[in-house]
Visitor: 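Could you have a look at this structure, given as structure tokens, before my questions?
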Amino acid sequence: MIATSVEELIATAIYTVNRHAKTAIDNKPLYELKKLAIQKLIVENKAKKIGLHFVRNPKNSQQQSSVLIQCADYFFHIIPVKEDFKQLQHLGHLDDTYRNPIRKMNLRTARQILTDYIGPQPIIKKSSSQTTHFAKKSARVTNKRPQTMKSYLDR
């Protein structure tokens with residue numbers, strides 16, 4: 001893969017991360033990385049918002065839209081903010097005939113490129129002392145006798 005510009009290299013990295021996020025079990029970090037990189041590209045005028053598209057499989061059968069972003073020769077979708085509905089033209093349904101160019105890049109390389117590009121981000125982790133409702137509910141119940149009892153007859 002030979003990238004002709006920084007924008008194309010970053011766009012290829014976003015494409016790779018996005019492709020892996022669609023099949024990943026824990027896809028939130030990958031989608032967050034994509035979102036942060038696209039937001040930075042927009043701020044730097046290296047990417048632009050084209051318009052709004054209807055989401056193909058909306059949640060709860062309600063109509064939803066996403067923002068179409070162009071970066072180099074790639075197109076991506078992100079979740080819109082309130083201002084996007086006021087400023088951008090609605091383009092209707094997605095064009096199923098268009099596909100992004102296929103370029104191969106290792107996921108580790110793509111993540112590294114995007115992390116270097118967006119800079120250090122604060123990482124928020126759940127504290128390990130917090131237990132979830134499911135963990136409490138599925139805790140193993142044991143019928144151990146107190147240490148003072150010698151047998152079941154001592155009850």
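Residue numbers start at 1 and run along the sequence shown. Source: prediction; values computed, not measured.
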Visitor: Checking Val67 against Leu52 for the side-chain contact (heavy atoms from CB on, under 4.5 Å) test, could you report, in this order, the C-alpha distance in whole Å, the side-chain angles of both residues, the deciding distance, and whether it holds?
Guide: CA-CA 5 Å; Val67 179; Leu52 296 164; 3.7 Å; yes

Visitor: Do Leu36 and Leu30 belong together in a cluster built from hydrophobic side chains that touch within less than 4.5 Å?
Guide: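 Yes.
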
Visitor: Short question: side chain of Asp84, backbone of Val81 - any donor-acceptor pair under 3.5 Å?
Guide: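 Side chain of Asp84 to backbone of Val81, a donor-acceptor pair under 3.5 Å: yes, one is there.
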
Visitor: Drop me the distance from Asn27's CG to Asn18's CG, to the nearest 0.5 angstrom.
Guide: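 Result: 10.0 Å between the selected atoms.
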
Visitor: Salt bridge check, Glu32 against Lys35: does any charged N sit closer than 4.0 Å to a carboxylate O?
Guide: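 Yes, Lys35 and Glu32 are salt-bridged.
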
Visitor: Indicate, with yes or no, if Val6 and Ile42 share a hydrophobic cluster defined by side-chain heavy-atom contacts under 4.5 Å among Ile, Leu, Val, Met, Phe, Trp and Tyr.
Guide: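 Shared cluster, yes.
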
Visitor: Can Leu68 be reached from Tyr31 by stepping across I, L, V, M, F, W or Y side chains whose heavy atoms are under 4.5 Å apart?
Guide: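 Not linked; separate clusters.
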
Visitor: Give the cluster check for Phe85 versus Ile78: same hydrophobic cluster or not, with ILVMFWY residues linked at side-chain heavy-atom distances below 4.5 Å.
Guide: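 In one cluster: yes.
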
Visitor: List for me each residue that meets side chain to side chain donor-acceptor pair (under 3.5 Å) alongside Asp95, sequence neighbours excluded, and say none if there are none.
Guide: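 Partners of Asp95 under the side chain to side chain donor-acceptor pair (under 3.5 Å) test: Thr97.
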
Visitor: Measure the NZ-CG distance between Lys48 and Leu88 for me, rounded to the nearest 0.5 Å.
Guide: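 Reported to 0.5 Å precision, the distance equals 12.0 Å.
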
Visitor: Please state whether the rings of His77 and His53 are parallel, tilted or perpendicular, taking 30° and 60° as the class boundaries.
Guide: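 Ring orientation, 0 to 90° scale: tilted.
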
Visitor: Before you tell me yes or no, could you show the steps for Phe54 and Leu94 under side-chain contact (heavy atoms from CB on, under 4.5 Å), namely the whole-Å CA-CA distance, both residues' side-chain angles and the distance that decides it to 0.1 Å?
Guide: CA-CA 7 Å; Phe54 287 125; Leu94 282 99; 5.7 Å; no

Visitor: Taking the six-membered ring of Tyr117, is NZ or CZ of Lys40 closer than 6.0 Å to its centre and within 45° of its axis?
Guide: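 Pair Lys40/Tyr117 counts as cation-pi.
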
Visitor: Is there a chain of hydrophobic side chains (I, L, V, M, F, W, Y, each step under 4.5 Å between heavy atoms) that links Phe75 to Val17?
Guide: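 No, it is not one cluster - the side chains of Phe75 and Val17 are not joined through contacts under 4.5 Å.
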
Visitor: When you look at Lys49 and Gln87, which way does the side-chain contact (heavy atoms from CB on, under 4.5 Å) test go after all the steps?
Guide: CA-CA 10 Å; Lys49 294 180 180 182; Gln87 298 171 353; 6.0 Å; no

